[in-house]
Trainee: 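Handing you a structure now.
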Amino acid sequence: MSASQSAVRSRAEAVAVSRTFDWMILFVLFTVVLGGYHIHFMLTGGDWDFWSDWKDRRLWVTVVPIVAITFPAAVQACLWWRYRLPIGATLCVLALLLGEWINRYMNFWGWTYFPINICFPSQLIPGAIILDVVLMLSGSMTLTAVAGGLGWGLIFYPSNWPVIAPLHQPVEYNGMMFTLADLSGYHYVRTGTPEYIRMVEKGTLRTFGKDVAPVSAFFSGFVSVIIYFLWHFFGKWFAGTGFIADDAS
Amino acid sequence: MKIIKDKIASLSFVALLMALTAAMFYTPTASAHGEKSQAAFMRMRTIHWYDLNWSKDEVAVNETVTISGKFHVFGGWPESVDEPDVSFLNIGIPGPVFIRAGSWIGGQLVPRSVALSLGETYDFKVLLKARRPGDWHVHTMMNVQGGGPIIGPGKWVTITGSMSQFVNPIVTLTGKTLDLETYNIGNIYFWHAIWYAVGVAWMWYWAKGPIFIPRQLAVASGKANTLISSGDKKVGIAFLVGTIVANAVLMGTTNEAYPVTTPLQAGTMRGIIPLELPVPSVSVVVDDATYRVPGRAMQMSLTITNNGDSSVRLGEFMTASVRFLEPDVLEDETGYPDDLLAEEGLTVSDNSPLAPGETRSVSVTASDAAWEVYRLADLIYDPDSRFAGLLFFYDEAGNRQMVMVDAPLIPSFI
Ligand SMILES: [Cu+2]
């Protein structure tokens, strides 16, 4: 058999090989994104995502969408422009959440015994659906960045609220008021994470009083738009195949 | 800059998890929380923990242990450590094997960081509720922003029973009773599972057809527009609208279910009240101090003046949580951790009662293996080779006075 001959002998065989190839690539892509995105997210979002007593109305709402839109933007750039597949953001977020859940369950709970109700990950899937569908419908990077990025930031707090609202119920404990989340953070000792590291409810949005979460969400959405552009270009550049000599595209 | 600092702090949590993983495999009964590896001057010249008491050394799950005592915030705080303006009274345990049911400084509950003043002494109490069976080394600990953790003495406490029995009942301000150990976990799993399923459904919709090679060929040959059908768009719109509507509805139903919610509580607490200790009537001048490396002993020449009205004797020298006792004067009855207690570690050249008004020069030797075991001798390799500690004098009636000493230390290698 010479090198110019095809490795498959029939159309059916070609289809079968192509499908096998699909699943292999999908699996590899999923795992690679899981590793890269998870590390990136731990380093940038870190404690804001680890602990329920960091999930506040200002910084968590602002920081997490901004640092989390990175990989979805980049993977979208690759999967959309090369394959017209509108699944980049969802794939990233599913991979991230799988990695996070394994980490939270095996490490935080399994090894160090923090109850899951203090160390569950943030919900990002609704935002990913918005990004993917907007890209599919518009076929435009600009529109996805602007409408999708804003939607990604705005839907973050509502999509997490059903899970965190119960933890924001107030408690009186030894003469002070806590939320249940604060109390978990106080009860379940984190020897390596002293209280002053906790960055919550800090900032200059005081004039907005108790309606600070929507303002933070808008701000987060705006910054997410910018970060989306940046990482979309990273993704395009990273997905380039210019290093293959006879690449047509 | 602050954010970078905080990032470093949170990164160290990742490191902690990795370290824990490593510890799982290498040290079956790991004892240390790094207490011995912390620079000696950090332990000698920052927070001095004393009068410590661990109420029990064996408890069943759900029972409590109280750690109480005092800490002196050293007036000669080292320049290389940030001052304790933002400090957090922590507890050094390997993860939440106990829960911290309460912690107080000067009678004030301190769930958040506090400002401490140099030269002051505070009393404190930490109430721990046993959660996970095992033998645990329980340390007092003060985290200082910009200074890191300052670890106090540790004592072994055994927890018996089963963690499955552990409960953490809480009553909210709206009158609900719940168990914080398990509260909301089902709800968290439920919503994460629902949304994960939605995400998988969207992925599956695309992955069920041929994906990479045929689609790449189509894009390369200019037929990209044919790859998204109007059916695809309808499905996409359904996902998009469904997601947005679902979240809007959920926001509403959640607010109905939990009408009273409050923001997370945070902020440094100031105005913690220190103990009012009487001014000591004994004054001490350190004439010189040497550390004899081969003998594992520190020798101080002290000039002691008794300005009080009762004669006194030196009973104890304490530094970096190691207590050197003069056995003729003082015997420990508090069950202080053995490894930190040198019951006969203090020798005084002349420790006969020092009468009121009298001044005497004495040579005091504090010797014990703890100098090596606790790596206090490493002090001589620190950039600022000074030692500091507390001297306790006792009068005839058994009243105690505490005097700080702080002086340069000269090593002797022969
Ligand atoms: Cu220890």
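Chain letters run A, B, ... following the sequence lines, proteins first, then strands; residues in each count from 1. On a predicted model such as this, the values are computed, not experimentally measured, just so you know.
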Trainee: To the nearest 0.5 Å, what is the distance between CD1 on A:I118 and CD1 on B:I188?
Mentor: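 The distance works out to 10.5 Å.
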Trainee: Which answer fits B:F190, side chain, backbone, both or neither, if we ask what part of it has an atom under 4.5 Å from a heavy atom of chain A?
Mentor: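 For B:F190, there is no contact with chain A at all, as no heavy atom is under 4.5 Å.
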Trainee: In terms of heavy-atom proximity below 4.5 Å to chain A, should B:N225 be classed as side chain, backbone, both, or neither?
Mentor: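 Neither part.
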Trainee: Under the side chain to side chain donor-acceptor pair (under 3.5 Å) rule, collect the residues that match up with A:Q123, sequence neighbours excluded.
Mentor: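 Counting only residues at least two positions away or on another chain, A:Q123 forms no side chain to side chain donor-acceptor pair (under 3.5 Å).
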Trainee: Using non-hydrogen atoms and a 4.5 Å limit, figure out which bit of A:F120 sits close to chain B: side chain, backbone, both or neither.
Mentor: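 Just the side chain, heavy atoms under 4.5 Å.
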Trainee: Under 30°, 30 to 60°, or over 60°: which ring-plane class applies to A:Y105 and B:Y189, parallel, tilted or perpendicular?
Mentor: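 Correct class here is tilted.
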Trainee: Determine whether A:D22 and B:P210 make a side-chain contact, defined as any pair of heavy atoms from C-beta on separated by less than 4.5 Å.
Mentor: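 When only atoms from C-beta onward are counted, B:P210 and A:D22 do touch, with a gap below 4.5 Å.
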Trainee: Using heavy-atom distances under 4.5 Å, tell me whether A:W60 contacts chain B through its side chain, its backbone, both, or neither.
Mentor: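 Contact with chain B is absent: no heavy atom of A:W60 under 4.5 Å.
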Trainee: Keeping the roles fixed (side chain from B:R131, backbone from A:Y113), state whether a donor-acceptor pair exists under 3.5 Å.
Mentor: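 Side chain of B:R131 to backbone of A:Y113: a pair is present.
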Trainee: Over all heavy atoms of both residues, which pair between B:V219 and A:W81 is shortest? Give the atoms and the distance, please.
Mentor: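 Between these two residues, the closest heavy atoms are CG1-O, 3.5 Å.
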Trainee: What part of B:L180 gets within 4.5 angstrom of chain A, counting heavy atoms only: side chain, backbone, both, or neither?
Mentor: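 Contact with chain A is through both the backbone and side chain of B:L180.
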Trainee: Considering only heavy atoms, which portion of B:A218 lies under 4.5 Å from any heavy atom of chain A: side chain, backbone, both, or neither?
Mentor: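 When you check distances to chain A, no heavy atom of B:A218 falls under 4.5 Å.
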Trainee: Under 4.5 Å between any side-chain heavy atoms of A:P170 and B:V260, yes or no?
Mentor: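 SC-SC contact between A:P170 and B:V260 confirmed.
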Trainee: Please indicate whether B:K125 has more than 12 foreign heavy atoms, meaning atoms of other residues, nucleotides or ligands, lying under 6.0 Å from its NZ.
Mentor: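 Open.
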Trainee: Side chain, backbone, both or neither: which part of B:N90 has a heavy atom under 4.5 Å from chain A?
Mentor: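 Contact with chain A is through the side chain of B:N90 alone.
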Trainee: Taking all non-hydrogen atoms of both residues, which atom of A:Y188 and which atom of B:E181 are closest, and how far apart?
Mentor: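 Scanning both residues completely, I find the closest heavy atoms to be OH-OE1, 2.6 Å.
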Trainee: If I measure from the heavy atoms of chain A, does B:V110 come under 4.5 Å with its side chain, its backbone, both, or neither?
Mentor: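 For B:V110, backbone heavy atoms alone lie under 4.5 Å from chain A.
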Trainee: Which atoms of B:M142 are under 4.5 Å from chain A, going by heavy atoms: the side chain, the backbone, both sets, or neither?
Mentor: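 Neither part.
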Trainee: Of the backbone (N, CA, C, O) and the side chain (C-beta and beyond), which part of A:A165 lies under 4.5 Å from a heavy atom of chain B, both, or neither?
Mentor: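 Both backbone and side chain.
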Trainee: Please classify the contact of A:L154 with chain B as side chain, backbone, both or neither, using a heavy-atom distance under 4.5 Å.
Mentor: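 A:L154 has no heavy atom closer than 4.5 Å to chain B.
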Trainee: Give, as side chain, backbone, both or neither, the part of B:V249 having an atom under 4.5 angstrom from any heavy atom of chain A.
Mentor: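 When you check distances to chain A, no heavy atom of B:V249 falls under 4.5 Å.
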Trainee: Run A:R19 and B:I211 through side chain to side chain contact (heavy atoms under 4.5 Å, CB included) and show every step you take.
Mentor: CA-CA 8 Å; A:R19 276 312 273 165; B:I211 19 185; 3.9 Å; yes
Trainee: Using distance alone, with no hydrogens and no angle criterion, decide if B:Y183 and A:S184 have a side-chain donor and acceptor under 3.5 Å apart.
Mentor: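 No donor-acceptor contact under 3.5 Å links the two side chains.
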Trainee: Is B:F239 close to chain A through its backbone or its side chain, or both, or neither, when contacts mean heavy atoms under 4.5 Å?
Mentor: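 Both parts, backbone and side chain.
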Trainee: Would you mind checking which part of B:V97 comes under 4.5 Å of any heavy atom in chain A, side chain (CB onward), backbone (N, CA, C, O), both or neither?
Mentor: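 Neither part; nothing is under 4.5 Å.
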Trainee: Report yes if the side chains of B:L250 and A:W161 come closer than 4.5 Å at any heavy-atom pair, otherwise no.
Mentor: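 SC-SC contact between B:L250 and A:W161 ruled out.
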Trainee: Tell me, for B:M251 versus chain A, whether the close heavy atoms (under 4.5 Å) come from the side chain, the backbone, both or neither.
Mentor: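 B:M251 touches chain A through backbone and side-chain heavy atoms alike.
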Trainee: Check whether any side-chain N or O of B:T243 sits under 3.5 Å from a backbone N or O of A:P126 as a donor-acceptor pair, and report yes or no.
Mentor: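 Such a contact is absent between B:T243 side chain and A:P126 backbone.
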Trainee: Taking the side chain as every heavy atom from C-beta outward, state whether A:Y186 and B:L109 have any atom pair closer than 4.5 Å.
Mentor: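 When only atoms from C-beta onward are counted, B:L109 and A:Y186 do touch, with a gap below 4.5 Å.
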Trainee: With a 4.5 angstrom heavy-atom cut-off, could you sort out which part of B:K176 is near chain A: side chain, backbone, both or neither?
Mentor: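 For B:K176, the side chain is the part near chain A, not the backbone.
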Trainee: Please classify the contact between B:K234 and chain A as side chain, backbone, both or neither, with a heavy-atom cut-off of under 4.5 Å.
Mentor: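 B:K234 has no heavy atom closer than 4.5 Å to chain A.
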